[in-house]
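Heads up, the thing below is written out as C-alpha cells.
Quick note: numbers below take in every heavy atom, side chains included, and nothing from hydrogens, waters or symmetry partners.
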Amino acid sequence: MIIRSLETALEAIHDGAVLAVPREQSGVAMAATRALIRRGVGRLHLVALPTSTLQADLLIGAGAVATLETSAVSLGELGPAPSFTAAIKAGTIVMKDATCPAIYAALQAAEKGIPFMPLRGLIGSDLLAHRPEWRVIDNPFGTNDPVVLLPAIKPDVALFHAPMADAQGNVWIGRQRDLSTLAHAAERTIVTVERLHDGNLLDDPVLAAGTLPGFYIEAVALAPRGAWPLPLPDHYPADTAHLAEYAKMAATAAGFDKYLMNHVYEQRAA
Amino acid sequence: MIIRSLETALEAIHDGAVLAVPREQSGVAMAATRALIRRGVGRLHLVALPTSTLQADLLIGAGAVATLETSAVSLGELGPAPSFTAAIKAGTIVMKDATCPAIYAALQAAEKGIPFMPLRGLIGSDLLAHRPEWRVIDNPFGTNDPVVLLPAIKPDVALFHAPMADAQGNVWIGRQRDLSTLAHAAERTIVTVERLHDGNLLDDPVLAAGTLPGFYIEAVALAPRGAWPLPLPDHYPADTAHLAEYAKMAATAAGFDKYLMNHVYEQRAA
Amino acid sequence: MSGPFRDEELLAAHVADLIGDVRHVAVGNASPIPATAALLARARGKGRPYVSLLGSRRHTFFTDGGVELFDCAGQGRIDVFFLSGGQIDGEANINLVSIGDHDKPTARFPGSFGSGYLYYVVPKVILFRTEHSRRTLVPKVDFISAPGASDPNVYRTGGPICLITNRCLFDFDRASRRFRLASLHPGHSLDEVIEHTGFDFDQPDAVPITKAPDAATLRLLREVVAPEVAEVYPQFAAHVFGFTRAA
Amino acid sequence: MSGPFRDEELLAAHVADLIGDVRHVAVGNASPIPATAALLARARGKGRPYVSLLGSRRHTFFTDGGVELFDCAGQGRIDVFFLSGGQIDGEANINLVSIGDHDKPTARFPGSFGSGYLYYVVPKVILFRTEHSRRTLVPKVDFISAPGASDPNVYRTGGPICLITNRCLFDFDRASRRFRLASLHPGHSLDEVIEHTGFDFDQPDAVPITKAPDAATLRLLREVVAPEVAEVYPQFAAHVFGFTRAA
C-alpha cells in the first residue's frame, strides 16, 4: 500500500542518506522533518533544490546534517538562518556552496541518466575554486571557450509536501515542477500531502497536467498543514509570527533546544 | 495584439527558417501547415521533435523542405510516408537522421542556453558516424568512457497546435510538455488553438499547471480543428479515413498534386 | 502455423512470458504484438508491470512530455523495451534507416526512433521481426541504427536478449555476440529457419517447440487485452481479434 | 536624506529609470527595493516590462519550476537582474558567502543564490547595497561568488552596469573593470562617499545629484506599487509605505 503513516513512510530515509528537498515555494515537508528529528535521523547529506529556509536550519540545529549542498540558506525577510550560520562558523557541517542553476543542472543530469551537465557562468568564481568535483573543459564546439561540467547528483531519497495524492500514489504538484525533477532524480521519493483525492488524478487531462505519476513514488503520508509553519503555495501562507519566534529562539543554543521541545518533540504525543 | 489571423501569425516563418514542430501526439498545426504551403514557403530546415507523420510528409511533397532533422517519419499504422521516402531516395532533401532523445537533448540545450548536452548511447552507430557535428569526448568524470555531446539546436520558429489560449497569449498545453521545450528553445513561437479562453489561464492554479506563458509566444491564431486530419489528444481522434486516402494518393506524384489541389489549395477560398 | 490460435497470439503470449516479473515495460512506435504482449503481462500480473504504450491515453503515466520515456530509461526505470529493424544482422545490429548507400538508398525506412539510445540502456530489449527472411535477417546491416553489442568500455546497461520472428525464437549471447536458436514455433522446422536466415546462428542439439498459448491466455488476450490494444492499433485489433471499437 | 520622500523611494525611483525600456526584469531573493523599482517600471510602462518576482504568485509567469528563471536567462530572455553582496569590491566582484577563511569564516552569509550564473548572462545587472560602508564596499572580497568581469575568452553576455547604495550611484566600466561615481544622492557629499568606500573609483569633474522622484512617481509608488510589493515583502511595505494588507 502506497499510502502509509508518516513514520512508516519515512523509514526509507536512513542515517547517512543523500536527502533532496525543495525550496520553500515548492512545498516543504515540515511535519515530516519534525518526525525525522523526533526519530533521531543523523548524518544526512542534505541537498536543497536550490535553497532552503527553516527546514535546513532546523535539521542542522538538531544535529541531523553532516553535509549540506545548496545555494543559500536564510529565513528570508526574518534574516539569517541561525543554526546554519552557527554550524558553518563552528565547522560542524561540510558546506558545499553552489549557485541555483548548478543544483538544478546536477539533479537534471541524474534525471536524464547523463554523467554530467554543462553550465555557463562559474568561471573565475570561488564557488568553482572550492569544488574539485566540478570540471572545466574547453567547449568542443568552440575555441578557447572554457565551460564547467557538473557531475550528476543522485539522491537516495527525495522528500516534499504537496496539495494532494490519490490511492495510486499519483501526486498533484501543479506548477511546482521542481518536485518532478526531485522525484525523477532520486532513487526513492516520499511525499506528504494535505489530502487524498478520490479517483485517479491521471484520468482528468486538466489535473494530469500537474500530476507527478505514482510510478516514481515510494510512499505517501497524509499530513494536513504539513508545510507549517512554511507556506504551501495557493493553499496557505507562511506563519510569519511563528517563524519570527523561531528566529528569535534559535539565536541561542538554549533557545533552539526549547524550540525543539515545544514544537518538535511535543508532537510525539499527538 | 498577440491574437492574429492565421496568415499574419505565420509571417515570422520565412523561407530558409529553422522550423521546429512537435510529434503527432503533442498537437500538430496542420491548418497552419496547409496555409504555409499555400503561401509557398520554401527551403525550410524542419526539426521534428522527435518524429513526424503527415506534417513532414506534406511539406516535403510540396517542396517546402531543404533539410529534415528528426528520428523518424512514417504514417504509423498506414505505412511509410510516401513523399519523405521518395525525397530521400531521389536525394532532394538533406536528411539528418537522429534518435529521439538526441532531438530532445539538443533542443533542451538551447532551452538552457548551454552549448551542448551529453547523451548516452549512440557509440558505434551509423547515426553518429554520419553526424560530424556530434562529438565524442572521454567523460571527464570516468575513465576510458566515451560519451557523445550534441550541439544545441536553436530553431528560428516553433509552430504547434494547442487546445486553447487567452488574450495574453498564454497557451494551455496540458501534459504536452514537448511544446514547452519547443517554445523555450525557439527564437519565436507561433501557436494555433482550438478556442480562446476567457480570462487569464495563469490565474487558476489548476489550469496554470498546464499553461505555457504568453511571454514566449509571438502570435496565436484561432484554428478550430487545426490539427485535422491528425488527432488532438483529449479533443478529437485522427481522421483515419482521410489519412488512408492521403497515403493512397501520395503514392504517386500526380496523386500528391491532386491531394494538394483538393485539400490544401481549395482552402484558399475558405 | 497450426493450432486454434493465430500467429500473433502465439507470439504475444510467448513475449509476455519473456517479459517476466518486472516493474515497467515500455512499448514504442508501430509495435502491435509487443503492445499486446505487454498488456497481457499486465493483465496476468494484476496491475504489474506498469505498461507505457506510446500513443495510448490509458496506458501511459507520463506527464513530462515525450522526453520522460528516455529520461525514465536513463534512470534505470524501464526494464523491458521492444525494437525491430528493416534489417537485423547476426550480431543483433539493427537498421531502421535505409538499404544501400546511405546517401543514395534503394529503400528508406522511417528512421531510428529511440533505438540509438534505448538499445543501450534498457536491460531487456526484445527484438521483434515477424517477417523472417533473408531480406530482413542479413549477414550485416547496411546501416547501424544501434549496435547489438558494444566494447566493454562503452557505457551500456542494456541490450538485446532475444529475437522473435514468425518462425522461431533466438536468444542473444552478448559475450559471443551471436544468436542461438531457442525454439521453433509449431509447424516450423530447423531447415526452414536455416534457409530463411541470412546470418549464422548457434543451435542446441535438440530444438524445442515454442509453447502454445493455453486457453486461459487466449481468453485473456481476446477478452481483456484486445479492446485495450484497439485504442492504439485499431486495424491490428480488428484484423487479429476481430475487435472493432464502438464509434 | 532630505526631501518629502524616503530613501527607499528615491532608490526605487532611480532604479526604475535605470531599468529603461526592456522586455523582462527578474527580481531574486531578499530584494525589496529592486522589486519596488521593477513594479514601478511596469506601472509606468502599462504592462511592459514583464516582471518576474521570486516568491510572488501575481508577478510571475513561470510554470516550469524554479529552473525556468535560469533557463530563461540562458535563452537571453532576461534583460535586467539585481544582485547584492555581503561584500562588493572595486572590480565588482560580489561575495555572498563568507568573511575570513572560507573553511573557518568569521561571518557567514546565506549563500550565492543564482549569482554564480546570472551575473554572467543577464545583460544589465544592477548591483544593490544600501549599506554603503568600508565593511561592505571593500578593496577585495574574501570570496568571489561571481566576478565583476571576465577574461575576453570567457562566455559572458552580461554583467554589472552600476552599483546603487544609500549614498550614491556608481557606473561600472567593464573594460577598465572600475566603478565611476555617477551621482550623489541628495544630502550626500563626495568626501563622505570617499570616506565610506573601501575601493578606489573614478569620478567626473563635477558630480551630479541623483534626481529626486517627482510627485507622479511618488503617487504611483505609494498607491499602485506598495500593495503589490506587500505580497512578497510585507514587512518592507509596512515599514516604508505604511501599507498593511487586509488579513
Contacting moiety of [X], where chain A heavy atoms sit under 4.5 Å:
X: D:T106; result: backbone
X: D:D101; result: neither
X: D:P234; result: both
X: D:Y119; result: neither
X: D:V232; result: backbone

Which one wins on heavy-atom pair count under 4.5 Å against chain D: [options]?
options: A:G121, A:P231, A:P50; result: A:G121
options: A:K89, A:Q25, A:H130; result: A:H130
options: A:M95, A:R175, A:E77; result: A:E77
options: A:T51, A:L128, A:L119, A:I123; result: A:I123
options: A:G124, A:S74, A:G91; result: A:G124
options: A:T85, A:T143, A:T240, A:L122; result: A:L122

So which part of [X] gets closer than 4.5 Å to some heavy atom of chain D, the side chain, the backbone, both or neither?
X: A:A90; answer: backbone
X: A:D234; answer: both
X: A:A98; answer: backbone
X: A:L49; answer: neither
X: A:R23; answer: side chain

Closest approach of [X] to [Y] (non-hydrogen atoms, all atoms of both residues):
X: A:D145; Y: D:Y155; value: OD1-CB, 4.1 Å
X: A:S125; Y: D:S145; value: CB-O, 3.5 Å
X: D:G114; Y: A:P101; value: CA-CD, 4.2 Å
X: A:D178; Y: D:G65; value: OD1-CA, 3.1 Å
X: D:S115; Y: A:T99; value: N-OG1, 3.6 Å
X: A:R177; Y: D:T63; value: CD-O, 3.6 Å

Self-check item: From CZ (D:F113) to SG (A:C100), nearest 0.5 Å
Solution: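 So the CZ of D:F113 and the SG of A:C100 are separated by 7.0 Å.
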Quiz item: CG/A:N144 to CG/D:D151 distance, rounded to the nearest 0.5 angstrom?
Solution: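 If we round to the nearest 0.5 Å, A:N144:CG and D:D151:CG are 9.5 Å apart.
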Practice problem: Report, as yes or no, whether the 6.0 Å neighbourhood of atom NZ on A:K154 holds more than 12 heavy atoms from other residues, nucleotides or ligands. | Solution: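 Not more than 12 within 6.0 Å, no.
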Exercise. Flag yes if more than 12 heavy atoms outside D:R58 fall under 6.0 Å of its CZ atom; otherwise flag no.
Key: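 Not buried by this count: 12 neighbours or fewer within 6.0 Å.
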Quiz prompt | Residue-level interface, residues 69-87 of chain D with chain A, non-hydrogen cut-off under 4.5 Å | solution =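 Contacts with chain A: D:F70.
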Quiz item: Do any of residues 33-40 of chain D have a heavy atom less than 4.5 Å from a heavy atom of chain A, and if so, which, in residue order?
Solution: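 Hits under 4.5 Å: none found.
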Contact winner vs chain A - [options], heavy-atom pairs under 4.5 Å:
options: D:S150, D:G55, D:G111, D:A146; value: D:G111
options: D:E68, D:R156, D:K104; value: D:K104
options: D:P105, D:G100, D:P32, D:S98; value: D:P105

Quiz item: Do A:Q108 and D:V67 come within less than 4.5 Å of each other through their side chains, counting heavy atoms only?
Solution: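 Touching, per the 4.5 Å side-chain cut-off.
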